[in-house]
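Report on the structure given below.
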Amino acid sequence: MRMTKFLVRTLRDDPADADVDSHRLLVRAGYIRKVAAGVYSWLPLGQRVLRKVEQIVRDEMDATGAQELTLPIAQPLELWEKSGRDKTYGPLMFRLEDRKETGFCLAPTAEEVITSTVANELSSYRDLPMNLYQINWKYRDELRPRFGLLRAREFLMKDAYSFHTDVEDLRVTYKEMYDAYHKIFTRCGLTFRPVEGEAGEIGGDINHEFMAVAAVGEDDFVWCKSCDYAANVEVAKRQPAQAMPSENESQQQPTRVHTPDMPGIAAVAQHLGESEDVLLKSFAFDADGEMGLALVPGDREVNEFALARAIAPKKLRVFDDNDFAAHPELPKGYIGPHHPSVAVVVADPSIRADHPWVTGANEVDHHITDMWCDRDFTVGIWADIASIQSGDECPQCGKALSVDRGIEVGQVFEIGTKYSTALGATFVDADGVSHPMVMGCYGVGISRTVAAITEEHHDDKGIAWPASVAPFDVHLVALAGKGAAAEEVRTAADALYRDLRAHGIDVLYDDRDASPGVKFADADLIGIPVQLTVGAKGLARGVVERKLRASGERDDIAADGVVAAIR
RNA sequence: CGGGAAGUGGCGCAGUGGUAGCGCACCCGCUUUGGGAGCGGGGGGUCGGGAGUUCAAGUCUCCCCUUCCCGACCA
């Protein structure tokens, strides 16, 4: 493609409304343009990348035997009423009416339509299993679209739905999808981990979220760089804390100290000259009407999900301002675990440490030092309720864990029979008995993946696409100028352009009458993996110059051997 | 939906009541050509929208719309 004929306009300045790198660079380099909040046009460059990712997904889906189809984006609300999701999705759905005032929505996902389709088409166990997918635009009227393509209101998604006679059969497809996703995101050049999500309310549903590691991600997760362990922060574990019995109790008795106007861990630690991890954090909660405290070291947070599991079946309710007002004996910021009105004490095993604790005195502006676990306060329930931190030991391999943010680029989910029951997708088994089909669903955010790849593959000059998703294979820069060799350079570059294309290589050819600096800067910004420069200097030596965008490596290639060299 | 910020040419911005500007981009001419060139000339703006105050509104008042950030929310 000749740049003089190509719709690509790069911007020298960052767009004012973009503050994450992917958004900023994709706009600056001419891949996308914003049309409304969370709605983007994909310019030709962006379209090419979108198609590349889409094709990788299609390849890997087809390889598993899944079948592609296309489902409507405009969907009758009636279907959503059958599953009850018109209410649960609520304002998240874009809604519209036709001229007869029949309600429609723009598809946020397609369980209802596909299930209803399958209900009409399949009816025997002999038809199952079947896995159907589409690659299509989805719509969610997000409360707050942000971060460019990462949380858009219109986004391209691959959604697959599988139908089975039973859960065992579903698990086979689930594993196939899980493996296919590994291949997809590996081919896309992403650093990612599949993270086991929290079990559904019923407890049986399995799901994994594929998280691309990125500072701008919206979900925290824990992962090990040495093995494949990864988990949502809500369910993450670490090597069990050393439950050290407190045998070294000193003779030092608890001492009340004045800590005026210091309701925070950091201030108290500084005031006493102690480190934060010898302060005891007491986190007040209500468990079905009983007062409870959760104890973790001062440098950790309470994992509320773990705490809820620890006190089950009692229900957790974190203390709010009203609760504190109702319990003046537990002054916020100065709570200690030794108060008689506390019925439930849950502590992380790391509390049973070989040192005394500084705790709140249950009196405003006072703390107590030299509090020993078991001697000065007792614990009812021991549970891993302390938040995981970077550097904690991996529960699988013992190496250091990392807590990072991730972009959810894919998800595999066991649905069960919710939709097949609601929409009548049943099959007849070998004995002639009718059952609802068991379903799974599997999503890949394609437009979001483009953004995630950009987040991982860029530098201060611009994007550096992995070859698998780059809009072109080669960026050919002709430095013709108007000097004596101009015609020669132009002729050589034109010939190289034709030659590369004849060999099936996609080339973006900068044939513009622009200065070298502009062309180099644009090439780095656009981010095609291989840059070839044809200039008078090189031609005089019989070479064109090659630069690899990602590494910056440069070398010379004989002008007559370029195609062979870069294939 | 709460808190904050902002809407002026394609992009980035200045403009505190009196003739709408600057940089980049764009068009023409000349010069220049290995890391975002120089000079000269030129085109392009209902100043987000509406109502109001005023002799006079980009600027002041009110209402609305849009966009961005933080939070809440998020198969």
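Lettering follows sequence order; numbering is per chain, from 1.
- Here the side chains of Met1(A) and Val8(A) are not in contact, with every heavy-atom distance at 4.5 Å or above.
- Nucleic acid contact for Gly538(A): base, since at least one base atom lies under 4.0 Å from a heavy atom of the residue.
- Proximity of Arg144(A) to the phosphate of C70(B): a side-chain N or O atom is located under 4.0 Å from OP1 or OP2.
- Looking at which nucleotide of RNA chain B each of Val20(A) and Val518(A) is closest to, the 5′-most match is held by Val518(A).
- Residue Arg146(A) is in base contact, counting any heavy-atom pair closer than 4.0 Å across all strands shown.
- Per the geometry, CG belonging to Leu11(A) stands 15 Å off P belonging to C24(B), to the nearest Å.
- For the pair Ser515(A) and A37(B), the criterion of a side-chain N or O lying under 4.0 Å from OP1 or OP2 is met.
- Nearest to the side-chain atoms of Ala16(A) among the listed nucleotides C70(B), G23(B), C13(B) stands C13(B).
- C63(B) and G2(B): their P atoms are spaced 15 Å apart (whole Å).
- Pair check for U33(B) finds none; no Watson-Crick or G-U wobble contact set falls under 3.5 Å.
- Using N1 to N3 plus N6-O4 or O6-N4 for Watson-Crick, or N1-O2 and O6-N3 for G-U wobble, each under 3.5 Å, C26(B) pairs with G42(B).
- Residue contacts shown for Lys519(A) are absent, as no nucleic acid heavy atom lies under 4.0 Å away.
- In this structure, of G34(B), U67(B), G36(B), it is G36(B) that holds the atom nearest to the side chain of Thr10(A).
- The nearest whole Å value for the distance from the CG atom in Leu150(A) to the P atom in C69(B) is 11 Å.
- Across the protein-nucleic acid pair, Asp513(A) atom CG and C30(B) atom C1' stand 13 Å apart, rounded to whole Å.
- Ionic pairing of Arg171(A) and Glu168(A) is not present here: no N-O contact between side-chain nitrogen and carboxylate oxygen is shorter than 4.0 angstrom.
- Below the 3.5 angstrom threshold, one finds a donor paired with an acceptor across the side chain of Asp522(A) and the base of G36(B).
- One P atom belongs to G45(B), the other to G38(B), and the distance between them is 27 Å to the nearest Å.
- Across all strands shown, Glu218(A) has no heavy atoms under 4.0 Å from either base or sugar-phosphate atoms.
- Across the strands present, G2(B) finds its partner in C70(B); the criterion is a Watson-Crick or G-U wobble pair with both atom distances under 3.5 angstrom.
- Between Phe192(A) and His182(A), some side-chain heavy-atom pair lies under the 4.5 Å cut-off.
- For the C1' atoms, the distance linking G58(B) with U16(B) amounts to 11 Å, nearest Å.
- Put simply, the side chain of Lys482(A) and the base of U32(B) share a donor and an acceptor less than 3.5 Å apart.
- Here the side chain of Arg9(A) is nearest to one of A25(B), A75(B), C11(B), namely A25(B).
- C28(B) and G34(B) have their P atoms separated by 23 Å, with the value rounded to a whole Å.
- Here the P atom of nucleotide C68(B) and the CG atom of Leu143(A) are 14 Å apart, to the nearest Å.
- Between C70(B), G12(B), C68(B), one nucleotide has an atom nearer to the side chain of Phe147(A) than all others, and that is C70(B).
- Between His208(A) and Tyr174(A), the two ring planes are tilted [angle within 30° to 60°].
- Regarding Asp17(A), its CG atom lies at a distance of 10 Å from the P atom of C13(B), rounded to whole Å.
- Spacing between G48(B) and A57(B) at atom P, rounded to whole Å, works out to 15 Å.
- Nucleotides G21(B) and G41(B) place their P atoms 16 Å apart, quoted to the nearest Å.
- For the C1' atom pair drawn from C70(B) and G44(B), the interatomic distance equals 38 Å after rounding to whole Å.
- Defined by atom type and a distance below 3.5 Å, a donor-acceptor pair is missing between the side-chain atoms of Tyr89(A) and Arg95(A).
- Between the side chains of Tyr442(A) and Ser162(A), at least one donor N or O lies within less than 3.5 Å of an accepting N or O.
- Considering only the side chain of Arg153(A), U67(B) comes nearest among U67(B), G12(B), A72(B).
- With a cut-off of 3.5 Å on both pairing distances, U53(B) has no Watson-Crick or G-U wobble partner at all.
- Inter-residue side-chain proximity for Leu7(A) and Gln47(A) is flagged as unmet; no heavy-atom pair is nearer than 4.5 Å.
- Rounded to a whole Å, the CG atom of Leu7(A) is 12 Å from the C1' atom of G10(B).
- Not a single donor-acceptor contact under 3.5 angstrom links the side-chain atoms of Arg28(A) to the base of G10(B).
- In this structure, CG of Asp524(A) is placed 17 Å from P of G34(B), rounded to the nearest angstrom.
- Listed pair Arg12(A) / A25(B) meets the phosphate criterion, a side-chain N or O lying under 4.0 Å from OP1 or OP2.
- Separating the CD atom of Glu142(A) from the C1' atom of G71(B) is a distance of 15 Å, rounded to the nearest angstrom.
- U59(B) and G17(B): their P atoms are spaced 11 Å apart (whole Å).
- Side-chain N/O atoms of Arg151(A) and base N/O atoms of C74(B) include a donor-acceptor pair closer than 3.5 Å.
- Within 4.0 Å of Glu408(A), counting heavy atoms only, lies at least one base atom of the nucleic acid.
- Counting any heavy atom pair closer than 4.0 Å across all strands shown, Lys547(A) reaches a base atom.
- G21(B) is paired with C13(B) under the Watson-Crick or G-U wobble criterion, all donor-acceptor distances under 3.5 Å.
- Residue contacts shown for Arg554(A) include a base, since a base heavy atom lies under 4.0 Å away.
- Annotation: of the two residues near RNA chain B, Thr109(A) and Ala480(A), the 5′-most nearest-nucleotide partner is Ala480(A).
- Phe472(A) carries Arg48(A) over the face of its six-membered ring, with the cationic atom under 6.0 Å from the centre and within 45° of the normal.
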